[in-house]
Amino acid sequence: GAVVSQHPSRVICKSGTSVKIECRSLDFQATTMFWYRQFPKQSLMLMATSNEGSKATYEQGVEKDKFLINHASLTLSTLTVTSAHPEDSSFYICSASPRGPQPQHFGDGTRLSIL
Amino acid sequence: DQQVKQNSPSLSVQEGRISILNCDYTNSMFDYFLWYKKYPAEGPTFLISISSIKDKNEDGRFTVFLNKSAKHLSLHIVPSQPGDSAVYFCAASAQAGTASKLTFGTGTRLQVTL
């Protein structure tokens with residue numbers, strides 16, 4: 001089956017640090033990847049749609065300058081949380097789907113903790 | 001505005017019995033629905049999906065039913081097993097293709113007891 005790898009799985013860092021999260025599709029190419037965020041005991045909320053070779057599309061209320069997305073190749077998208085603060089602490093998950101009638105597959109997520 | 005709703009935050013079922021998880025949606029543009037299973041600190045795992053042109057899709061122990069007029073879908077797990085204990089998310093998308101964004105419900109925690 002389609003495999004999506006996300007790295008790192010956990011990050012703990014000081015306030016003001018920028019953190020980069022990678023999302024890779026291991027056995028398929030993905031022109032589109034998605035970044036979600038999940039707060040404890042809540043649903044997954046879409047943050048942005050990452051498009052290979054073009055700018056990401058952000059959902060309403062998501063600061064594009066805060067959450068930088070780069071989709072430089074058909075197998076890699078990165079999310080950079082710039083100058084992270086404690087309120088950015090959350091569980092970030094990416095997803096991608098192979099071409100054709102395939103469901104989205106998710107990475108294992110990144111637990112970000114800002115001290 | 002919660003467009004996909006899972007009104008039962010938790011469900012407890014005895015091993016071997018049927019688990020029925022429900023999901024309601026409000027956006028009539030949704031035409032593709034999925035169920036995901038999620039363990040803590042892991043990403044969701046795809047279980048089963050259904051297109052709006054169907055009213056039922058079956059895969060092993062998992063069956064999803066779609067009632068478009070009621071804007072309601074359900075996931076049946078028969079027989080339930082202890083390993084099925086997890087949080088189940090219903091998701092929907094508004095485009096025929098699958099490379100489109102998903103709107104998730106709030107999840108239902110299923111506990112399968114011995």
Side-chain angles (χ1 to χ4, degrees), chain A residues 1-10 21 23 25 28-52 56-60 62 71 74 90-113, chain B residues 1-10 21 23-27 30-54 57 59 62 64 75 86-109:
Chain A
V3 179
V4 176
S5 174
Q6 191 171 337
H7 178 81
S9 59
R10 185 173 182 101
I21 303 170
C23 179
S25 56
F28 64 96
Q29 293 183 332
T31 55
T32 304
M33 292 184 175
F34 301 90
W35 288 96
Y36 295 83
R37 181 175 181 176
Q38 185 186 26
F39 291 104
K41 297 184 180 180
Q42 292 189 23
S43 184
L44 284 78
M45 299 299 295
L46 180 68
M47 297 175 64
T49 302
S50 173
N51 304 298
E52 188 269 336
T57 304
Y58 290 83
E59 295 301 299
Q60 190 174 14
V62 178
H71 195 152
L74 287 171
S90 189
F91 191 57
Y92 294 86
I93 315 175
C94 70
S95 74
S97 63
R99 294 177 186 178
Q102 299 279 346
Q104 286 185 31
H105 294 270
F106 286 79
D108 276 340
T110 298
R111 171 71 59 192
L112 176 62
S113 300
Chain B
D1 177 30
Q2 190 71 30
Q3 297 186 60
V4 179
K5 300 177 184 179
Q6 293 175 256
N7 292 319
S8 297
S10 64
L21 296 96
C23 178
D24 296 293
Y25 62 95
T26 57
N27 189 339
F30 288 147
D31 63 359
Y32 184 62
F33 305 89
L34 309 90
W35 283 95
Y36 286 87
K37 176 180 178 180
K38 187 180 183 300
Y39 295 112
E42 293 184 10
T45 301
F46 170 74
L47 279 176
I48 193 169
S49 63
I50 189 167
S51 165
S52 61
I53 62 173
K54 293 185 174 182
N57 188 25
D59 184 1
F62 302 93
V64 56
L75 174 68
V87 177
Y88 289 77
F89 287 96
C90 166
S93 69
Q95 294 176 343
T98 53
S100 56
K101 62 183 184 181
L102 297 177
T103 301
F104 281 85
T106 49
T108 296
R109 181 176 300 280

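Protein chains get the first letters and strands the later ones, always in sequence-line order, with residue 1 at the start of each.
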Paired with B:Phe46, the side chain to side chain contact (heavy atoms under 4.5 Å, CB included) test is passed by just one of A:Ser95, A:Ser97, A:Pro103, namely A:Pro103
Heavy atoms of B:Lys38 and A:Ile93 approach each other most closely as CE-CD1, 4.2 Å
From the list B:Pro9, B:Pro44, B:Gly107, B:Gly105, the residue making the most non-hydrogen contacts under 4.5 Å with chain A is B:Pro44
Applying a strict 4.5 Å limit to non-hydrogen atoms, the region of A:Leu44 in contact with chain B is both
Whatever's closer than 4.5 Å to a heavy atom in chain B on A:Gln38 counts as side chain
Q.
Just so I know, are the side chains of B:Leu102 and A:Phe34 near enough to count as touching, which here means a heavy-atom distance under 4.5 Å?
A. no
Determine yes or no for a side-chain-to-main-chain donor-acceptor pair under 3.5 angstrom, with B:Thr106 supplying the side chain and A:Ser43 the backbone. no
Bottom line for B:Tyr39: the part with an atom under 4.5 Å from chain A's heavy atoms is neither
Worksheet item: Does atom CZ of A:Arg111 have more than 12 heavy-atom neighbours, drawn from other residues, nucleotides or ligands, at distances under 6.0 Å?
Response: yes
